[in-house]
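Computed from heavy atoms alone, side chains included, the values below leave out hydrogens, waters and symmetry copies. Per chain, numbering begins at 1; letters A, B, ... match sequence-line order.
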Number of protein chains: 2
Amino acid sequence: MQNRITDTLKKHQLSITDSRKKILSFFLESGSALAHADIEVKSSTEFDRVTIYRTLQTFVEKGIIHTIPTADNSILYALCKDDCVAGHHHDDHVHFICDECASTYCLDHVSIPKVKLPKGFTVVQTNLVVSGVCNKCEQ
Amino acid sequence: MQNRITDTLKKHQLSITDSRKKILSFFLESGSALAHADIEVKSSTEFDRVTIYRTLQTFVEKGIIHTIPTADNSILYALCKDDCVAGHHHDDHVHFICDECASTYCLDHVSIPKVKLPKGFTVVQTNLVVSGVCNKCEQ
DNA sequence: TACAACAGTGCAACCATGTTGCAAAATATT
DNA sequence: AATATTTTGCAACATGGTTGCACTGTTGTA
């Protein structure tokens, strides 16, 4: 596990620091998407707020994580799949928010269906967020 | 025009005030979605920031406007169609953001295609935001 | 139309979230 | 191990949004 973390950081030409290792481990352990606030709570004053912001920013730039827009106007971050490279994310998949446990998942294998727009509108990007009940909360 | 505005306010059991009339008129005139900041600029210090926030909140509660989640993490507001009632919005249509002019449109007549989720996931709501070039910016 | 009851507004103060500059500390390089 | 570079923590700031309270405008009734 620790190896995987340092390997990932090295692969993206980032120096190995405590905060980066810890924050990356949170993502690997959780499996679902995390907000800045989640990380702040998990690390409980171990790192400065600013460090967390900057680390997340760096991870996004390097293609380790990507952002997810949400309906309630907060930013979420989730691990990218391996084929994301710096500056070019492959994040055009469906995102799912569970109404029960509030977790957000990237459904990497569900692609967004094409939509037909009125005349004169050209599609560049589509973003689909689905909410409901996830497979863990289902009884 | 003025009649339409006061009628709408009366229909939703709201008292007729200057700020409500003015803010509602902005929506009717613009046709596209507006952010809090847009309204603040348009009304240039005529009303307090807080009044604008509260008016928008009231309009959302009464079903006059609805919110649109955006990728850049700001809240947009747009007029509801007539069949929206207080507490129950019919806002499950596609939203379109123009990359050129930054306007946001509700494409009321484009419905969101059904997506098939992995086993165990139940869909309650879907939200689709498309970005690209709108019909006004198209050459 | 006048007046009381009520709803809506403006102000000030506050909170949450995110950003920037700079000195100190940690990491990487030789 | 010593230096160059990167990262961190702190303080201060910026923005977006909320709350409490006194004041003002709107509404319904007489």
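End-to-end axis angle of the helix from dT1(C)-dA30(D) to dT30(C)-dA1(D), using five pairs per end and rounding to 10°, comes to 30°.
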(Q) Please encode protein proximity along nucleotides 5-15 of chain C as a string of B, S and -, counting only heavy-atom distances under 4.0 Å. (A) --SSBBBB---

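Between Phe96(B) and Phe121(A), the ring planes are perpendicular. Angles over 60° get that label, and only those under 30° would be called parallel.
Ala35(A) pairs by the side chain to side chain contact (heavy atoms under 4.5 Å, CB included) definition with Asp38(A), Leu76(A), not counting sequence neighbours. For Thr51(A), the side chain to side chain contact (heavy atoms under 4.5 Å, CB included) criterion is met by Ser19(A), Phe47(A), Asp48(A), Thr55(A), not counting sequence neighbours. By the side chain to side chain contact (heavy atoms under 4.5 Å, CB included) test, Lys136(B) is found to be paired with Tyr105(B), Cys134(B), residues two or more places apart in sequence or in another chain being considered. By the salt bridge (charged side-chain N to carboxylate O under 4.0 Å, His left out) test, Glu40(A) is found to be paired with no residue, residues two or more places apart in sequence or in another chain being considered.
For dT18(D), the OP1/OP2 oxygens have no side-chain nitrogen or oxygen of Tyr53(B) closer than 4.0 Å. The side chain of Gln57(B) contributes an N or O atom lying less than 4.0 Å from OP1 or OP2 of dT18(D).
Where Ile16(B) and His36(B) each meet DNA chain D at their nearest nucleotide, the meeting point lying more 5' is that of His36(B).
Distance Lys10(A) NZ to dA28(C) P: 9 Å, rounded to the nearest Å. Distance Leu76(B) CG to dG17(D) P: 10 Å, rounded to the nearest Å. Atom CG in Leu56(A) sits about 11 Å away from atom P in dT8(D), given to the nearest Å.
A heavy-atom distance below 4.5 Å is found between the side chains of Leu107(A) and Pro118(B). With a 4.5 Å cut-off on side-chain heavy atoms, Ile52(A) and His36(A) count as touching.
No side-chain donor-acceptor contact under 3.5 Å links Arg20(B) to the backbone of Leu9(B).
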